[in-house]
Amino acid sequence: MTQLSMAQALNAALRDSLKDDDRVLVFGEDVGPLGGVFRVTDGITADFGEERCFDTPLAESGIVGFAVGMAMGGFRPVVEMQFDAFAYPAFEQITSHVAKLRNRTRGALSLPMVIRIPYAGGIGGVEHHCDSSEAYYTHTPGLRVVTPGTPQDAYDLLRDSIESPDPVIFLEPKCRYWSKESVSFTRDNAPMDRAVVRREGKDVTLIAYGPMVATALESAEAATAEGWDVEVVDLRSLNPFDDETVTASVRRTGRAVVVHEAAGFGGYGAEVVARITEQCFHQLHAPVLRVTGLDIPYPPPKLERHQLPDVDRILDTIARLQWNDEPAVAGA
Amino acid sequence: MSRETSAAALLPSTVPVRFLAEDGSRVDEHDGYDQPPADRLVEAYRLMVLGRRFDVQATALTKQGRLAVYPSSAGQEACQVASALALTDADWLFPTYRDSVALVARGLDPGEILTLLRGDAHCGYDPALTRVAPQCTPLATQTLHAAGLAHAMRRRGEEAVAFALIGDGATSEGDFHEALNFAAVFKAPVVFFVQNNGFAISVPFEKQSAAPALAYKGVGYGVRSEQVDGNDALAVLSVLDSAVAHARSGLGPVLVEAHTYRIDAHTNADDATRYRDQAEVEKWRAADPVRRLETYLTNENLVSEKDIERFRAEAETFAAGVRDTLNADVEPDPLSLFEHVYAEPTRHLVAQRAQVAAELETLEA
């Protein structure tokens with residue numbers, strides 16, 4: 001066990017994957033000698049050589065399309081998109097080919113590749129550096145979408161993703177790159193398609209992923225002062241979705257809140273709410289509510305704090321879960 | 001070498017490479033290229049006859065409703081056939097939806113080639129077995145795959161080449177630009193073969209690009225380039241042989257532009273009379289690649305009348321086989337929709353499959 005930041009845990013996962021499997025390659029913009037703008041690939045070129053970890057021209061569609069060809073040729077590319085919004089040029093390659101090639105060829109060709117994307121906000125970044133784009137990818141059949149909320153999961157989920165026979169969109173919460181915890185390398189974590197209960201509680205299920213896992217846990221702590229015992233579920237896998245873990249929790253607590261940074265309208269949380277409502281309707285004591293980003297383009301740094309779900313907004317939402325049978329005020 | 005000379009070395013011939021004039025007589029516009037040996041030319045001719053007959057048959061089957069759509073490559077037979085002949089079994093071909101004749105020449109089963117166009121499945125053949133990528137619809141996206149696969153094969157020590165087919169319209173897409181750049185930076189063994197057939201559906205070449213020729217796009221990436229008379233089978237075969245050899249020897253990618261013409265409309269659903277004159281089409285019919293090669297081979301006594309008759313008869317048999325295959329009704333299984341979305345169906349897909357299975361049982365009941 002070692003104290004690692006999330007960025008260091010990702011670095012360790014890349015190194016161990018490169019050691020274990022000759023077919024694994026790491027490439028993208030600035031991942032080589034620089035070690036990546038977030039240092040996730042720090043030292044990898046120096047230790048593994050340019051054959052295993054290398055820089056590419058500045059072209060996201062090119063990076064992903066080239067990776068498709070390399071995966072067709074027997075390699076396991078782990079490519080980096082430098083920031084969430086900069087992945088959009090690759091969107092056609094991702095939706096038309098990465099997601100579809102296995103299906104199109106009836107399994108004759110498959111793409112065991114990982115596309116790592118730093119996402120979400122909370123770092124005071126200027127425009128285009130803080131998007132939460134998960135809904136676009138989860139809505140695309142054929143892609144696995146996975147997002148760690150902790151350094152331990154960063155290590156385990158990235159190793160699992162690299163070993164997966166399916167293409168994986170690996171969303172890294174950039175505001176958590178520097179958060180630290182003890183990380184073990186024994187790989188005895190939950191499977192990559194399962195959610196995990198991070199904190200047990202009996203009054204309400206708080207469902208979060210990626211950057212909001214830590215915020216949800218902070219909220220659960222603060223909630224004890226209000227007399228609420230909050231259970232926190234970390235989804236980890238956005239697609240596939242772990243219905244069993246989530247519904248088991250909500251059937252026990254009878255109340256649920258979904259938290260995500262992305263804009264609420266048409267967001268990932270809507271899918272979660274729909275699934276919970278369909279599967280747990282008769283056990284619910286209140287509608288399932290969401291705490292999300294506003295339905296606006298991501299704000300400039302000085303106004304970012306109004307966009308991001310925080311402990312106060314989460315507690316205010318928990319308060320609206322009809323504890324005394326009064327009707328809930330519909331979400332803002 | 002100075003930058004000037006190294007740039008100059010990448011430029012295409014100023015006049016498209018040509019061995020045969022439109023009337024089949026020999027011309028001398030092929031500096032630096034060797035005439036392919038006679039047996040290859042006869043094989044090219046045989047496949048062009050076969051390919052044309054196949055194309056006519058597929059067009060007819062579309063009119064009869066047996067195919068949902070058929071993008072014809074009539075008039076482009078020299079390009080189609082040379083693309084296949086220039087490759088070995090170890091090489092990979094990356095076709096578009098208009099390259100069925102190239103796939104026939106490559107030896108794929110015609111029923112499997114037409115599966116996509118019939119609407120049964122997204123790809124009828126096994127790419128891993130045939131080393132032919134699925135027929136690509138989103139334009140130019142396959143050029144990146146070809147570059148990546150070429151690089152992968154070189155890294156693995158395979159002496160194989162990737163060969164990407166692309167149209168004039170598609171060279172305007174960003175992925176074409178990115179693919180040439182990646183291929184050149186990584187020195188990938190890939191040949192980008194642009195069939196400039198004059199149109200992107202209705203948009204004529206003059207509206208597509210202001211370049212003196214698409215072949216001049218190569219030098220900007222550091223890619224060796226060539227332009228060729230796309231209706232001259234000798235020239236296309238010679239230039240492609242040279243391009244493939246260049247790539248295979250590790251010298252990097254090559255861009256070849258063939259000037260040809262799309263004799264038919266974009267597909268059966270298109271009305272070409274809305275955007276071009278019949279006079280122009282007739283002008284290009286006079287430059288027909290099959291007749292041009294036939295004239296040359298006949299004049300040189302490389303094919304006899306009997307040979308020609310035999311090739312045509314074989315093509316008829318082939319076309320009859322295509323008719324029989326396409327006339328057989330195939331009902332794809334709806335439950336197969338849930339396979340191959342992922343390596344293993346997810347829990348969610350297993351549940352959805354059960355729903356659809358129940359629906360189907362109700363229909364049958």
Side-chain angles (χ1 to χ4, degrees), chain A residues 22-23 25 27 51 54-75 77 89-90 92-93 95-113 141-144 164-168 193-194 237 239-244 275, chain B residues 92 94 116 121-130 133-138 140-156 158 160 162 164 173-175 177-186 188 190 221 336-337 339-349 351:
Chain A
D22 283 339
R23 299 168 298 178
L25 299 175
F27 55 95
E51 284 290 283
F54 51 91
D55 289 330
T56 64
L58 215 170
E60 288 76 13
S61 185
I63 290 167
V64 174
F66 196 74
V68 167
M70 292 205 75
M72 285 170 70
F75 286 94
E92 172 170 41
Q93 285 288 341
T95 51
S96 296
H97 296 299
V98 176
K100 293 183 178 179
L101 193 65
R102 172 188 288 281
N103 188 259
R104 181 182 303 141
T105 63
R106 311 311 294 157
L109 297 176
S110 61
L111 298 176
M113 55 188 277
L143 298 175
R144 286 187 180 264
S164 172
D166 298 315
V168 181
D193 62 353
R194 286 295 184 193
S237 173
N239 197 352
F241 179 80
D242 185 356
D243 292 279
E244 282 92 345
R275 299 180 86 81
Chain B
W92 271 81
F94 283 78
L116 165 72
H122 298 315
C123 181
Y125 49 87
D126 181 345
L129 226 66
T130 57
Q135 295 130 308
C136 192
T137 299
T141 56
Q142 78 280 14
T143 57
L144 282 166
H145 310 158
L149 180 57
H151 182 58
M153 293 193 293
R154 186 163 102 117
R155 284 190 57 140
R156 305 189 134 236
E158 299 171 32
E173 286 279 2
D175 277 4
H177 151 75
E178 295 188 26
L180 260 75
N181 194 32
F182 268 73
V185 166
F186 286 92
V190 51
Y221 303 104
S336 71
L337 292 172
E339 292 157 26
H340 308 299
V341 180
Y342 298 94
E344 293 298 326
T346 59
R347 293 177 294 267
H348 177 70
L349 283 176

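Basis for what follows: all heavy atoms, side chains included, without hydrogens, waters or symmetry-related copies.
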> If you round to the nearest 0.5 Å, how far is CG of B:Asp175 from CD of A:Gln93?
Replying inline: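 A:Gln93 atom CD to B:Asp175 atom CG measures 5.0 Å (nearest 0.5 Å).
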
> Could you state the interatomic distance from CD (B:Glu339) to CZ (A:Arg106), rounded to the nearest 0.5 Å?
Replying inline: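 The CD atom of B:Glu339 sits 6.0 Å away from the CZ atom of A:Arg106.
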
>> Using heavy-atom distances under 4.5 Å, tell me whether B:Ala147 contacts chain A through its side chain, its backbone, both, or neither.
In response: both

>> Need one label for B:Ser336: side chain, backbone, both or neither, based on atoms under 4.5 Å from any heavy atom in chain A.
In response: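 Both backbone and side chain of B:Ser336 come within 4.5 Å of chain A.
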
>> Counting only non-hydrogen atoms closer than 4.5 Å, does A:Pro57 touch chain B with its backbone (N, CA, C, O), its side chain (CB onward), both, or neither?
In response: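 Contact with chain B: backbone and side chain both.
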
Taking the side chain as C-beta and beyond, is there a heavy-atom pair between [X] and [Y] under 4.5 Å?
X	Y	value
A:Leu101	B:His145	no
A:Arg23	B:Arg156	yes
B:Pro138	A:His97	yes
A:Arg275	B:His348	yes
A:Thr56	B:Phe186	yes

> Looking only at heavy atoms, which two atoms of A:Ile63 and B:Phe182 are closest? And how far apart?
Replying inline: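 Answer, listing the atom of A:Ile63 first, then B:Phe182: N-CZ, 3.6 Å.
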
> So, for B:Pro127 and A:Thr105, which heavy atoms are closest and what is the spacing to 0.1 Å?
Replying inline: CG-CG2, 3.7 Å

> side chain to side chain donor-acceptor pair (under 3.5 Å) with A:Arg102: which residues, sequence neighbours excluded?
Replying inline: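 So A:Arg102 forms no side chain to side chain donor-acceptor pair (under 3.5 Å) with any residue.
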
> Is the side chain of B:Arg347 donor-acceptor paired with the backbone N or O of A:Pro240 at a distance under 3.5 Å, no angle test?
Replying inline: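 No, the answer is negative, given that no donor and acceptor are paired below the 3.5 Å cut-off.
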
